[in-house]
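Working notes, beginning with the structure itself.
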Amino acid sequence: MSEVAPILKPPSRSDRYVQLARFVRVFSATEFKLKYGESALGYLWTLAKPLAMFAILYFVFGHVVKIQVGFIDYPIYLLVGIVLWTFFVDATTSTMVSLIVEGSLLRKLRFPRIVIPVSTTMTATLTLLINLVAICVVIALKAIVPHGDWVLLLVLLLELYFVALGVGLILAILYVRFRDMAPIWELTTQLLFYASPIIYPLSILPLWAQRIELLNPVAQLTEDIRRILLYRDSPGAIVTAPDVLGTVGRLYPLGIALALLVGGLLLFRRDEPDLAEMI
Amino acid sequence: MTNGSRHALEVQELWKEFKLPHDQRTTFKEYFLHPLKRMTYERNVALAAVTFSVRQGEFLGVIGPNGSGKSTLLKIMAGIYRPTRGDVRANGRLSPFIELGVGFNFELNARDNIRLNGTLLGLSGRELREKFPEIIEFAELERFVDQKLKNYSSGMQVRLAYSIAIQVPFDILLLDEVLAVGDQSFQEKCFATFERMREEGKTLVFVSHDLDAVTQFCDRALLLENGRVQALGPAEDVVAEYAERALAS
């Protein structure tokens with residue numbers, strides 16, 4: 001009668017990580033499916049947004065205004081800029097509100113809270129991947145030949161992901177306290193859209209403005225990606241961080257990217273135990 | 001009465017205070033308009049020096065009026081809230097959820113919801129694939145697997161939620177409000193799973209307003225009032241005391 005029933009072994013550390021990875025995968029895939037899977041055009045909508053933006057901007061700035069681009073690949077230049085920027089805005093904006101949106105989960109389940117913002121950024125990443133396929137199609141049509149440097153593209157895309165995650169985490173923590181962050185961030189991203197080399201080539205700006213814009217890691221990595229993709233066809237047309245910030249200065253945007261990620265993680269870790277009560 | 005004498009849960013001098021700001025300031029405007037006004041808080045003591053323990057294999061019911069701290073206590077034990085002071089020690093694996101159907105999405109069908117909810121509760125892909133037929137069969141939803149959850153009756157939803165939850169490995173189950181769900185015949189099946197939990201030496205802490213359910217299933221009950229333990233003892237006695245107090249006030 002007084003026999004003591006055995007208890008379960010606690011899950012091992014590696015089991016826990018596997019489980020968290022699964023949590024992120026299932027959660028982000030479900031979010032993605034709910035966002036697009038139900039509509040008539042389905043996943044095509046993920047392409048519609050950047051392509052529509054591209055069409056109107058290309059018409060206005062490529063044909064009507066005729067920006068002094070000075071190189072032949074303006075369409076790809078523009079498309080790359082729009083796709084990367086759209087990802088940054090989507091990922092940060094949806095991560096900002098993710099804790100509030102998933103509030104009932106936070107109040108009813110014990111799990112590492114970081115899973116929520118990470119899943120939300122992964123959902124945006126799925127959209128980015130589909131858009132990158134579109135870019136690949138355009139590149140293939142343009143008969144641009146891949147070369148060894150393209151491995152660096154992966155590193156730069158990782159930088160983009162981590163900047164978006166870092167900024168998203170900071171915004172998510174702020175948004176729990178101040179709902180004003182939503183309009184503030186909307187305005188900020190609109191201003192940054194024009195204060196980044198997305199529509200126009202950086203070379204049309206004075207040097208001091210080029211320097212400021214390239215401190216933004218998203219601008220830095222966008223220019224780097226374009227340089228790698230387009231350099232052969234348009235040498236010198238794309239201005240990257242080392243060109244204007246110097247050999248030490250080129251590290252500034254990378255440092256800012258790292259600071260955003262580490263800052264976001266630290267801020268999140270500080271508030272994590274109390275998030276269920278704060279939302 | 002119960003197996004062994006080992007404690008599954010030990011709650012020591014547990015305090016929880018919530019700071020409730022007098023005006024909720026969540027926009028910058030409020031900061032700008034009243035920059036000098038100090039935030040004033042009201043301290044709301046949700047739990048005061050709550051101490052008790054639950055033996056392994058015991059079913060404990062937590063009862064008390066609205067706002068007495070029952071759910072807060074459960075959330076702290078589950079690790080969802082952090083206590084202000086005090087300590088909860090668990091010997092064994094705690095269930096990670098305190099309600100059924102966490103994360104259910106009404107736009108998805110049963111198949112996707114089992115994957116989603118099961119994953120949130122910690123089941124692996126392999127476990128979910130293996131247990132899928134069992135879950136559907138237990139929930140009696142074979143004909144509705146590909147229907148969206150929004151087309152389910154509330155009884156069907158809760159049957160599905162229950163059937164997933166009982167697949168999760170745990171030693172200590174913490175549940176808010178629901179114990180036996182669905183219609184008469186499904187409730188009978190729920191009772192059978194409790195019996196199995198008892199035999200396996202599982203521990204259950206169950207917060208409820210359903211005093212009959214507490215008397216029927218729980219060995220002991222804990223009566224909370226204003227965050228303090230008013231009574232702790234055999235379920236019938238504590239339920240009777242609660243009923244008396246309710247009449248007296």
Side-chain angles (χ1 to χ4, degrees), chain A residues 1-11 15-16 18-31 33-35 37-39 100-113 115-116 119 174-184 271-279, chain B residues 1-6 8 16 18-19 25-31 56-57 71-72 75 77-82 90-103 105 107-108 112-113 115-125 128 169-172 174 176 199-203:
Chain A
M1 194 65 202
S2 62
E3 175 195 343
V4 176
I7 55 169
L8 299 166
K9 278 203 302 270
D15 279 355
R16 279 211 307 276
V18 168
Q19 202 227 320
L20 286 184
R22 202 183 129 67
F23 195 143
V24 168
R25 208 179 68 225
V26 171
F27 204 72
S28 54
T30 306
E31 214 178 332
K33 185 177 171 184
L34 285 168
K35 208 163 155 192
E38 298 293 303
S39 52
I100 302 293
V101 171
E102 300 300 341
S104 80
L105 223 52
L106 299 189
R107 271 179 263 114
K108 289 172 186 170
L109 194 68
R110 171 185 69 242
F111 64 100
R113 274 51 175 118
V115 166
I116 296 287
S119 299
L174 290 175
Y175 186 69
V176 168
R177 292 195 171 80
F178 312 112
R179 297 297 196 273
D180 293 53
M181 282 319 294
I184 288 174
D271 277 2
E272 187 175 22
D274 297 315
L275 280 176
E277 291 172 43
M278 291 163 71
I279 52 172
Chain B
M1 192 175 81
T2 48
N3 299 338
S5 55
R6 184 159 58 175
K16 182 67 183 173
F18 289 110
K19 275 194 204 167
R25 281 199 217 177
T26 50
T27 68
F28 282 139
K29 192 180 118 201
E30 288 150 19
Y31 278 90
Q56 192 189 358
S71 293
T72 303
K75 281 179 176 145
M77 290 194 291
I80 294 170
Y81 283 177
R82 193 155 58 163
N91 183 15
R93 200 184 296 187
L94 281 161
S95 65
F97 57 93
I98 56 164
E99 272 181 38
L100 298 176
V102 173
N105 191 301
E107 293 298 324
L108 297 173
D112 290 341
N113 269 305
R115 210 165 98 88
L116 182 62
N117 176 260
T119 302
L120 297 186
L121 303 191
L123 293 170
S124 72
L128 279 171
F170 60 81
D171 296 305
I172 305 158
L174 307 170
D176 205 344
E199 282 162 20
E200 290 171 354
K202 305 295 184 193
T203 308

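In the text below, chain A, chain B and the rest are named by the order of the sequence lines, each starting its count at 1.
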dist Arg82(B):CZ -> Leu275(A):CG (nearest 0.5 Å) comes out at 10.0 Å
Bottom line for Leu123(B): the part with an atom under 4.5 Å from chain A's heavy atoms is backbone
All heavy atoms of Phe170(B) vs all of Leu8(A), minimum pair found to be N-CD1, 3.4 Å
Counting heavy-atom pairs under 4.5 Å with chain A, the top scorer among Gly92(B), Ala78(B), Gly79(B) is Ala78(B)
Under 4.5 Å to a heavy atom of chain B? For Arg113(A) that would be side chain
- Message: Taking the side chain as everything from C-beta on, heavy atoms only, tell me whether Ile80(B) gets closer than 4.5 Å to Leu109(A).
- Response: no
Separation between CG (Asp112(B)) and NZ (Lys33(A)), nearest 0.5 Å, reads 3.5 Å
Ranked by heavy-atom pairs below 4.5 Å to chain A, first place among Pro96(B), Gly125(B), Gly103(B) goes to Pro96(B)
Quiz item: What's the verdict on side-chain contact (heavy atoms from CB on, under 4.5 Å) for Arg93(B) and Ile7(A), showing C-alpha distance, side-chain angles and the deciding distance?
Solution: CA-CA 7 Å; Arg93(B) 200 184 296 187; Ile7(A) 55 169; over 6 Å; no
ask   = Could you go step by step and tell me if Asn105(B) and Thr30(A) meet the side-chain contact (heavy atoms from CB on, under 4.5 Å) rule?
value = CA-CA 9 Å; Asn105(B) 191 301; Thr30(A) 306; 5.6 Å; no
key: Whether over 12 other heavy atoms sit under 6.0 Å from Arg115(B) CZ   = no
In terms of heavy-atom pairs under 4.5 Å with chain B, the winner among Glu102(A), Glu277(A), Arg110(A) is Arg110(A)
Under 4.5 Å to a heavy atom of chain A? For Ser71(B) that would be neither
If you tally heavy-atom pairs under 4.5 Å between each of Leu94(B), Asp176(B), Ile172(B) and chain A, the highest tally belongs to Leu94(B)
Between the CZ atom in Phe23(A) and the CG atom in Leu120(B), the distance rounded to the nearest 0.5 Å is 4.5 Å
If one checks every heavy atom of Lys19(B) against chain A at 4.5 Å, the contacting part turns out to be neither
Arg22(A) side chain reached by Leu128(B) side chain, heavy atoms, under 4.5 Å = yes
